[in-house]
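All residue numbers refer to positions in the sequence shown, counting from 1.
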Amino acid sequence: MDIELGEFYARLGTIALIIALGFLLGKLKWISDKTNGQIVNLLLMVFMPAALFTAFPNTYSEESLNMFLAGMAGGALVLLALIVVAKVVFNKWFYKGEIGYESQFALVFNNATFLGYPIIATTFGQAGLVPYSGFIIAFNIALFSYGVFLFERKLSWRLVRDTVLNPNIIAVLLGMLVFLVGIQVPNVIADGATLVGSAMTPLSLICIGFILSHAKFLTLIRKWRLFLTAVIQLVLGPTVTYFLLVGLNFPTEVVIICTLIQALPTATSLALFAKKYGGNEIESSELVAVSTLMSVITLPIIISLYLV
């Protein structure tokens, strides 16, 4: 698995056009906050699970199983390492209580769902989606447990329940079961899941564009902490990921997938979690916007340094 820069940038251009469409729709107010929230909910509960369920090959192979397990193990190790790094970097002395926990969230959790899936799917196809599916299990377990904990600062049975019952985790496990056992899913179900999952890419990119359309860019210039946080997240995250996985001799496919994901902007779920669990909703949304814009500069650099 290699990244051809010309082809990769061409695909990024297509992705940028769809994000621009979401931006335009937001500016024209053809999409409201309520509508965007409903789309996000559908993405997380319907479209993404369908896409992950169909990510596995139709026939069993030991190589695919190994890639899936390696993706899950690599993702777990990367997330644990970044949790430690985030606590050290974004400490109370550095931020003095200002968006400290939000910044830790930003470093650990990148846009693996709304932006990561389209990039992996369009660039690598099923060869990339198998290790990605393994990674996304570790990602969602961490997101809906530690990610929520960062805002609520307490453990609860609800955290455990929501993590176990997360549709994306259930979809990956079902897809893996079908793959391992060799169950022949009826075409009417398989084709339906594929069609539903295919909506994941354009809708997720439109949502990102919508979020950017609400950013007040002139006011962001004065908030230097947001830019510093974004730079740290976009550079330190993929660097730690690359050297950790290469040092542990993980397969090249897993190194590429995990490093590429960690080079992406911070997760759009940061703003959603801040709103739901009592964080700084405004600056969280601004951090997502700043990180997304700055990734246009940092992503090609990271790819050139580590992945080409």
Please report the shortest heavy-atom distance between [X] and [Y], naming the atom on each side.
X    : Y    : answer
A55  : S133 : CB-OG, 3.3 Å
L245 : V254 : CD1-O, 4.0 Å
L287 : A106 : CD2-CB, 3.7 Å
Q262 : L107 : NE2-O, 4.0 Å
A138 : A76  : CB-N, 3.6 Å

Requested in this report: Give me the other members of the hydrophobic cluster that L177 sits in, counting Ile, Leu, Val, Met, Phe, Trp and Tyr linked by side-chain heavy atoms under 4.5 Å, directly or via other members.
Outcome: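 Other cluster members: F53, I170, L174, V178, V181, I183, V185, V188, I189.
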Looking only at atom types and distance, does a side-chain atom of [X] sit under 3.5 Å from a main-chain N or O of [Y], one as donor and one as acceptor?
X    : Y    : value
T259 : I256 : no
S204 : T201 : yes
S291 : V288 : no

Query - F68 and V172: CA distance, side-chain angles, deciding distance, side chain to side chain contact (heavy atoms under 4.5 Å, CB included) verdict - result: CA-CA 10 Å; F68 171 81; V172 172; 3.7 Å; yes
Report task. Pick out which of Y132, Y146, Y117, F109 makes a ring-ring contact (aromatic ring centres under 6.0 Å, His included) with F139. Result ->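 The option that passes is F109.
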Query raised in the report: Side chains of H214 and D33: does their closest heavy-atom pair fall under 4.5 Å?
Result: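 Answer yes - side chains close enough.
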Requested in this report: Test side chain to side chain contact (heavy atoms under 4.5 Å, CB included) on I301 and V235 and set out the steps.
Outcome: CA-CA 9 Å; I301 297 174; V235 175; over 6 Å; no
